[in-house]
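Numbered from 1 within each chain, the chains take letters A, B, ... in sequence-line order.
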Amino acid sequence: MNAQYDFLVIGDDEASLCAAAAAARAGARAAHLRLSQRKKNDNTGAAPAIPNFVWRRLDLQDYDLTLEPVSARVTLFKDADPLVTYVNSRQTREALAEKGMDDHHVWDDFVREITALDRSSVLADVFGRATALSGTALAQMLLDPEALERNARLFGDGAALMDDWFEDERVRAHLIAHALAPAGASDRDAASASAVAEFFDADAWRVRTPKDSARLMAVLEQVCQDAGVVSYVGKLAEIGADGGRFANIVIGADEKLKVRHVFFATPEAASNAGALNGAVGAQLNGAAHACVTVRFKLTQRIEPPAGDYRSIFEIVDDANDVRQARDAAVAGQLYDRPPVEFEYTPNGEIIARTAYFPGAFYEDGEWRGWTGQDRQAAAAIIKNRIASRMPDFATQIKRAETQVTTPNAQHSRIDARERIIVQQRRHGAIGAAVRLIDEVMARDE
Amino acid sequence: MNEPATEPPSAEFGAQAPGRIEGGIDAIVIGAGIDGLAAATYLGKAGLHTVLVGGAGLGGRIGEREIAPGVLGVDGEHLLTTLDPEVIADLDLYRHGLSFAARRLDTTYFFDHGEALKFDGDLAQAAQLSLEDDDDREALNGFIGELLELAAYLRPAFEPAAFTRGENARRGLEKALGGAPPEKAALIQRYLYSSATDAIAARIDANEIRMSLLAEAAFRSGAAPHEPFSFMTYLRRLAGEAAGLQGAVAYPEGGAAAVVAALRRAAQAANVDMRLQTPVKSILVEGDRVGGVRLETGGQLRAPIVIAATDAQRVFLQMIGPAKIGIELQRMLMAERPEICTGRAQLVLKGVPQDDATRENMKRRLVYAPPVEAVTTAFLDARAGRVPEKMIIEAVFPGSLEGERPFDGRMLMSVMAHPLPFDAAPGDKKRKKIKKAVLRNIESFAGGLTNRIETIDIRLPEDEAAATGASPSSFAARPGIIRQWALAAATAASDRINGFYFCGPEAEIGPGISCSAARGAARAALRAYRKGAA
């Protein structure tokens, strides 16, 4: 008889492991499917934020990890001073005022309104928490002009939101770059305003990195094992309907499972499994982008140009740059000045990433996949971007490891769409995934 | 350019002495386009003394015009997909002369490399015509069948003017949408969020069918097809019907101008007092209710009901004024920054083809469907203000559709091209570029055709604005569905001015001729009038 589970969590990232462990600890029969073989230096770039409640739920204090909050968000411009904002709204306001930016007057109001907007939107519920939008709920939304207006703003473009609030080009570019970088999206994309709202979700700020050498992925795999999560490794071949409350899963050539819910903790996980296409709806950016991460080992530590070693840095020329990078990625082209995000590891390495590269290349009317040359070109672009802001950087590189994550071009066969749940948030994905697991379990009871 | 569609009897022109205040009117309708005509006819039929005032000719942007000597073309629209069947029935449009030369127009899709695919005009049969592969046929039939069913559930959601007022309509909407079984509701939810490219790719494998469906889904939409919420545009199309067949494309005898003609006769029969060339300066708002309108000449018309059927920016920001509307509506209207529009071209061609195959094809709706990547790039280009390399083209030959009506050895080809960059005032240089691009795309599926061009007439939002007096942005492509809903709900609420109703283009969901906003506004006005009278 085939093994049966309540949840099959699919994905090679931290959010997937946290979701699987949380489900198992809450008493569900949970399995985790890893799509690729584990590599020695496995990392998905910067370690993501783990909110407090997940930390406590998984008893992470018992493992070799430490809490360390992100100190600041820094944007390094081309010809202007860096801009720094903080999780604390008052601190940000004062920093902006110090730079003589008028936008400090509206900062508090902006943060308050965007957070309220996110919490009051019917669509955000459906979008972020995968709750069903019943016909009645849709009707009620249509019947309430104010609710519609709120939804239109939240699911409109980020550019309009910025126009509403900010004067200073730098503040706008800063927010857009930090909020949209994980999705590789631009401020003109539909629904990009909602990513800005996610960015202000407090969960995204709590914790960022494990202590010294212990990689977060390895620790979380241990957590899963201790919680009784069954792990599988292989390609997702098929999600089929069985007519009842289960989906039939085929992994690789012949491994068959029955599961109640197929769970993707991030839109990327679904895309990498080849299950995103049409399985869900409003993902920013869809399957269009590849994410390139480069880990730079340096001969000696390089002082950050602003902020400190616990900040997250964004390199961007202006908001227009983000648009061009995004357009190029959609059209299957490599763009040489994409926004690049980087941060320091505790031992002084720099991890840089950008999601503004195309998932596949479009040349002479044909699509083709990534080649070794493309990887090198992409890594060089990232290196040059950092070097353009930190002149010492290029000479200090000892080694660079490049990792390219591309969406799966071969879509898996998917029938039982109603059994698939995709967590859509990118900021604070871990917290959102664990909450979503809780909601699904509550609904099942 | 500004000639009225049909020469109205001189009595239809209202001469107003300056400073005169005219009373004895039950209702005033502003705007003599199809929505204004429909709304006025509803009121007139109910026995209200209704005055229709408009600054431009009858029919608004839809009117007949001589494209070349002896060749009449119809501006604005060339096909019908969403004309509200209730309006046809309520206003007896068939009795007033509306007739259809084609109830369901078959479509031929053309692709690069010279291939083509024929679809039956009845979408339920779409796959029958030219798909040989059983799997493809099954996939297409299954998909279209599902979409038609969902679109039927969603139909009330595409009539926002009807549901923002009146408890009955509200209950109707809740019942219709709430009545969808959970699995259908889940599908509606998924398609609401979906991008057109994803939704199509998830169900259809055959590349040519993908291109055809994407051309339909992206056509005339301001939402880029690779972005969330863009698939709904297609469901809106499929929810519509013009001649009693859901999702079909219809061609009325005489083109879209025939709808104007039928509405005009209906309005005359309903004793609507039509005063064209009577521009309105402002709408009088007294306390919380409407008092009438002030004309450009200085005179006033007083009435307890005013329905505005012209664009929202003019109505709310100019005629009523920002001081008297809510800050939210103001912000929403000012934030409208359209980026994409559809171009309209009418080509007079020399010579009439004699071979039967070509003549048969000219009786169909012809659509050039570029590759999926090219459509995406086209939207990115248009949004950035560039004229795209490739674009979706919809073409019909009105003469062939109306039974081989020749223009002594010439033919008229009516084209819509999408997407083009929206520009309120494109210069000559940009117009030339657009013209070249449109011709290049026509040439890519109808080789040699452009050599036969005698005249080409391109019409952009700027021209439609000049002809109607509305702002150019109201002729741009409609934004994503959520924004359309929000705009429609906000404008239809008419900012709670008693006796005032709005049914301009912003109150409609989707492009094309629909009139459902006019029906909603007129019915709401009548309900209020009867309550007041009782």
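We find that B:R383 and A:D327 are not joined by a salt bridge, their nearest charged nitrogen and carboxylate oxygen being 4.0 Å or further apart. Look at B:R337 and A:D157 and you find a salt bridge, because one of the NZ, NE, NH1 or NH2 atoms lies within 4.0 Å of a carboxylate O, short of that distance.
For A:E167, the CD atom counts as loosely surrounded, since its 6.0 Å shell holds 12 or fewer non-hydrogen atoms of other residues, nucleotides or ligands. Atom CD of A:E146 has 12 or fewer heavy atoms from other residues, nucleotides or ligands within 6.0 Å.
Considering all non-hydrogen atoms of both residues, A:L148 and B:A489 come closest at CD1-CB, 3.7 Å.
If you measure heavy-atom distances from B:L192 to chain A, the contacts under 4.5 Å come from the side chain alone. Heavy atoms of B:Q484 lying under 4.5 Å from chain A are absent altogether. Only the side chain of A:D164 comes within contact range of chain B, with heavy atoms under 4.5 Å apart.
Rounding to the nearest 0.5 angstrom, the gap separating the CH2 atom in A:W367 from the CD atom in B:E373 is 5.5 Å. Here the CG atom belonging to B:L177 is positioned 6.5 Å from the CG atom belonging to A:L142, to the nearest 0.5 angstrom.
For the set B:E339, B:E227, B:E328, the entry with the most heavy-atom pairs within less than 4.5 Å of chain A is B:E227. When each of A:Q140, A:R188, A:R323 is checked for heavy-atom pairs under 4.5 Å with chain B, A:R188 comes out on top.
Looking only at distances, no side-chain donor or acceptor of A:E149 sits under 3.5 Å from a matching main-chain atom of B:A486.
B:F229 and A:F155 have perpendicular rings, their planes meeting at more than 60° on a 0 to 90° scale where under 30° would count as parallel.
The one candidate from B:R331, B:R483, B:M332 that meets the side-chain contact (heavy atoms from CB on, under 4.5 Å) condition with A:R153 is B:R331.
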How far apart are the C-alpha atoms of A:R326 and B:L380, what are their side-chain angles, what is the distance that settles it, and do they pass the side chain to side chain contact (heavy atoms under 4.5 Å, CB included) test? CA-CA 10 Å; A:R326 162 73 164 133; B:L380 296 179; over 6 Å; no
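Here B:Q313 pairs with nothing under the side chain to side chain donor-acceptor pair (under 3.5 Å) rule; sequence neighbours left out.
At a threshold of 4.5 Å between non-hydrogen side-chain atoms, the residues B:L154 and A:L138 count as touching.
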